[in-house]
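A short write-up of the structure that comes next.
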Amino acid sequence: AAGPEPLLATDGLRKEFGGLTATDDVSLTVSPGERRCLIGPNGAGKSTLLSLLTGQLDPTAGSIRFAGEEIDGLAPHERVDRGLSVKFQVPSVYGAFSTRENLRLALQRRRSGDGLEEAIDESLARFDLVEEAEMDASALSHGQKQRLEIAIASALDPSLLLLDEPVAGLSVEETDRIVELLIDLNESRGIALLVIEHDMAFVRALAERVTVLHQGAILTEGEMESVANDPTVREVYLGE
Ligand code: ADP
Ligand code: MG
């Protein structure tokens with residue numbers, strides 16, 4: 001039976017770098033409001049796929065539909081304007097600006113002066129950054145910076161938020177906080193999540209479905225338990 005139209009659908013997406021196929025005919029769909037993790041060994045093509053979705057890279061072949069339209073050929077900021085927001089692996093906050101100023105810059109892209117200060121305060125509270133509001137972002141801890149990054153990405157009112165390794169290098173406590181924040185964003189605002197992550201405890205806690213990439217292609221997809229017990233998935237990870 002045909003379900004509701006997917007929020008995101010790639011069709012035969014392919015990226016070659018010289019002789020290397022980094023993305024191998026990937027057809028991936030994400031439903032509205034879904035929480036999905038993308039896993040796979042190093043070099044599987046996870047970050048490349050993300051860059052194709054954001055428009056940082058152009059595909060060699062294939063197409064991308066998002067929210068009912070083809071977005072191939074749209075610049076990265078035009079994709080963000082359509083509701084496809086991203087938090088990259090490398091932090092991109094403005095270090096010389098305070099936490100509050102970073103949030104103001106992000107939030108004012110979506111709203112005028114009316115209610116802006118309230119929205120900033122609400123975001124500071126939601127991401128547990130009230131005490132750090134006036135600190136330069138460069139002085140934040142790694143975990144606080146990650147939370148600010150997610151706050152900035154979600155300020156752009158996305159219907160899908162892409163995240164590349166949001167808990168890499170974080171403590172178990174900070175990782176748990178990020179899981180809670182992401183589930184809250186998903187449940188209270190209906191934001192769909194597509195998250196690349198190596199941390200399997202994180203993936204178990206967050207994902208409703210998991211997609212496994214291997215050598216650029218989708219190896220398998222499903223609920224975490226069935227994916228984790230799949231012998232081909234075990235082989236790929238053990239053979240790393
Ligand atoms: P992952 O994020 O899963 O670790 P990547 O998407 O970063 O994997 O890389 C997939 C493959 O593509 C790797 O073999 C990597 O070396 C190669 N690759 C990634 N980016 C480039 C690039 N800009 N030029 C050439 N090869 C690249
Ligand atoms: Mg990567």
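Just follow the structure's listing: the first ligand is 1, and inside any ligand the first atom is 1.
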Exercise for the section: Identify whether Val172 and Val179 are in the same connected component of the hydrophobic contact network (ILVMFWY, side-chain heavy atoms under 4.5 Å). Expected result: no

Practice task
Below 4.0 angstrom from a heavy atom of Asn42, which ligand 1 atoms are there? Numbered from 1 as shown, please.
Solution key: 4 (O)

Problem - Gly40 near ligand 1 by a heavy-atom separation under 4.0 Å - result: no

Practice task
Before signing off on this row, confirm whether Gly43 and ligand 1 have an N or O atom pair separated by under 3.5 Å.
Solution key: yes

Problem - Ala44 N/O to ligand 1 N/O under 3.5 Å - result: yes

Practice task
Look at Asn42 and state whether any of its N, O or S atoms is less than 2.8 Å from the Mg ion (ligand 2).
Solution key: no

Completion exercise
Contact region, Leu20 to ligand 1, non-hydrogen atoms below 4.0 Å, reads side chain

Problem - Pair listing, salt bridge (charged side-chain N to carboxylate O under 4.0 Å, His left out) test, anchored in residues 19-30, at least two apart - result: Arg14-Asp24, Arg14-Asp25

Handout entry: Test item: side-chain donor near acceptor, Arg79 and Ser85, under 3.5 Å
Key = no

Exercise for the section: Give a yes or no on whether Glu223 atom CD has more than 12 heavy-atom contacts from other residues, nucleotides or ligands under 6.0 Å away. Expected result: no

Exercise for the section: Mind checking the CZ-CG spacing from Arg204 to Asp199? Nearest 0.5 Å is all I need. Expected result: 11.0 Å

